Each structure stands twice: as structure tokens, then as C-alpha cells.
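A quick write-up on the structure given underneath.
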Amino acid sequence: ELKTPLTVILANNNILLSHPEERVGSQKQWLESTGEEAQHMRRLVDDLLFLAKSDAGERPPARETVDLSDLTTSVLLSFEPVAYEKQVALEAQVEPDITVAGDPTALRQLVHILLDNACKYAGAGGRAALSLDRQGGTAVIRVSNTGVPIPPEDLPHVFDRFYKADRSRSMDKTGAGLGLYIVKNIINLHGGEISVRSGGGETEFEFTLPLAKI
């Protein structure tokens, strides 16, 4: 996963160096490609650092009270241009004033990963949706998308580290198979549960977190 972007970056650099007389504007495609690959590497390195710290026991559960409704709405807003660019209809239903105890950075990463997957796999003309509500003493978030389903044989493994389900018709090839493993890790750190179902043209992830005690 690290070797491929490095190879592309080095190739782009060699192309630029071989045409020193060209202006920056005429070399835009190589510069943009280098930027995209560097962003991919940064995301992968961040994921690996998160996992390394978790494996080393350096990420104890946080005790901060987090307004999950505000956090979720913020992440949703950041995904509106992403969904628009991918031609995906983004739907949301967020119940206000739902609070949990946890790490806001990790929880934001959790929602971001699930929404990113939903938009990625929905495909052009598809739909991605997120809902947040409270049920008893828990907060329940559901993130779903239309599109190619996860094969039944892959469902038990989607939260495994480095595992990639075979949804090649709509899959972003840059994934490292770490996102859902990180999601599961964050859920475990916060004492929650997560499940997935896929079929009938829709995939849905549902996770629950204990509400903050006020």
C-alpha cells in the first residue's frame, strides 16, 4: 500500500525533472497526481499510527462528554461536497442533544470512515444515508448506502485488519482494508457494539454507544 504511491510520486518527479524548461501550469497533471498520492500515504500512515498506539495500549477510553449530534452534523456537512462530486444523494436524520462519553477525535474519525465508505460504494446516482437517535440508554447511528452489496461470505470478515471485501465494480482501489478495523477498534474502546447487514441493494452499518451519564 505504501509502495504504490511512492512509485507514482517518484515517476511524476522524474517527468518533471526531465522537462525543466516547462512552466508549472503545463505540468499540472503530474503535480496533482503527486498531491493525491501523498494524501493517500498520509491517511495510511495516520491509520497505522492509530493502530500501533491501540495495540500498545496507549489509547485509553476518554472521559470527555461529547455532543454526538453536533459532531455527526459537522461530519455530514463536510461530506456534502464529496457526495455532490460523486453524484451521490446524501440523506440525514439526526436527533439533537445526544451526548456520549468518549474521545471526540476518535468518534469523528469513526463517523468519517463510515460516511466515506457509504459515498464510495453508493456509486454515481446512488444514495448514502445517516441517522442518529437514542434508544433507551444508547445512541444508535446507522450509515447505509445503495450499490453493490458485500458478498455473504465476506460479511463475517469486514472488520478484520487488512481485509477487503470483493466489491470491485464500485470499489476505490486505494483502500488498505484498515478503515472498518479502526471503526471496530474505536467502538470497542467506547464500550459500544457494531453490526453490518448487506443485501437487497443496500448495505447498512449500525453501531451503538452508551449515552453519557448526566
Side-chain angles (χ1 to χ4, degrees), residues 1 4 36 39-40 43-44 46-47 68-96 98 100 106-135 138-188 190 192-209:
E1 292 293 337
T4 299
E36 291 171 0
Q39 290 283 0
H40 170 55
R43 289 193 298 270
L44 181 54
D46 287 345
D47 288 347
L68 192 59
S69 300
D70 284 351
L71 182 150
T72 301
T73 300
S74 174
V75 178
L76 275 164
L77 288 173
S78 72
F79 265 89
E80 286 185 352
V82 175
Y84 179 81
E85 182 179 355
K86 293 180 179 291
Q87 301 178 46
V88 171
L90 183 59
E91 303 173 0
Q93 185 174 355
V94 178
E95 185 176 334
I98 294 180
V100 298
L107 291 173
R108 180 178 295 274
Q109 184 180 15
L110 163 66
V111 178
H112 186 281
I113 289 171
L114 291 176
L115 271 177
D116 185 52
N117 277 354
C119 290
K120 181 190 301 179
Y121 291 116
R127 175 185 59 82
L130 181 148
S131 68
L132 167 64
D133 56 37
R134 55 168 60 86
Q135 294 182 10
T138 62
V140 181
I141 287 185
R142 298 180 181 90
V143 180
S144 62
N145 63 271
T146 56
V148 180
I150 302 172
E153 63 270 20
D154 288 326
L155 280 174
H157 305 288
V158 294
F159 298 109
D160 294 351
R161 191 186 300 211
F162 297 118
Y163 192 84
K164 293 184 181 181
D166 184 13
R167 291 192 283 174
S168 57
R169 281 176 288 169
S170 64
M171 189 171 183
D172 182 345
K173 303 296 185 181
T174 61
L178 288 172
L180 292 178
Y181 178 82
I182 290 175
V183 164
K184 179 69 172 177
N185 195 290
I186 293 171
I187 291 291
N188 288 342
H190 288 79
E193 297 180 356
I194 189 166
S195 61
V196 57
R197 65 172 184 82
S198 189
E202 183 173 272
T203 297
E204 180 181 88
F205 289 88
E206 175 182 301
F207 70 89
T208 62
L209 294 171

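None of these values were measured; they are calculated from a predicted model. This chain uses plain numbering: 1 for the first residue, then up along the sequence. What's counted below: heavy atoms across the whole structure, side chains too, no hydrogens, waters or symmetry copies.
When the shell of 6.0 Å around CD of E193 is examined, it contains 12 or fewer heavy atoms from other residues, nucleotides or ligands. Within a 6.0 Å sphere centred on CD of E85, heavy atoms belonging to other residues, nucleotides or ligands number 12 at most.
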Practice problem: List the steps, then state whether side-chain contact (heavy atoms from CB on, under 4.5 Å) holds for F207 with V183. | Solution: CA-CA 10 Å; F207 70 89; V183 164; 5.8 Å; no
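The salt bridge (charged side-chain N to carboxylate O under 4.0 Å, His left out) test applied to D160 returns no partner, not counting sequence neighbours. For T138, the side-chain contact (heavy atoms from CB on, under 4.5 Å) partners are Q135, V140, T208, not counting sequence neighbours. A search for side-chain hydrogen bond (donor to acceptor under 3.5 Å, both in side chains) contacts involving E95 returns R134, not counting sequence neighbours. Y181 is linked by a ring-ring contact (aromatic ring centres under 6.0 Å, His included) to nothing, counting only residues two or more places apart in sequence or in another chain. Here E202 pairs with R127, S144, R197 under the side-chain contact (heavy atoms from CB on, under 4.5 Å) rule; sequence neighbours left out. In this structure, the side-chain contact (heavy atoms from CB on, under 4.5 Å) partners of A118, at least two apart in sequence or on a different chain, are A128, V143, N145.
Judged by distance alone, with hydrogens and angles left aside, the side-chain atoms of S74 form no donor-acceptor pair with the main-chain N or O of D70 at under 3.5 Å.
Side-chain contact between F205 and L180 is present, with heavy atoms from C-beta onward closer than 4.5 Å.
Paired with S198 under the rule side-chain contact (heavy atoms from CB on, under 4.5 Å), one option of I150, D154, V148, V158 passes, and it is I150.
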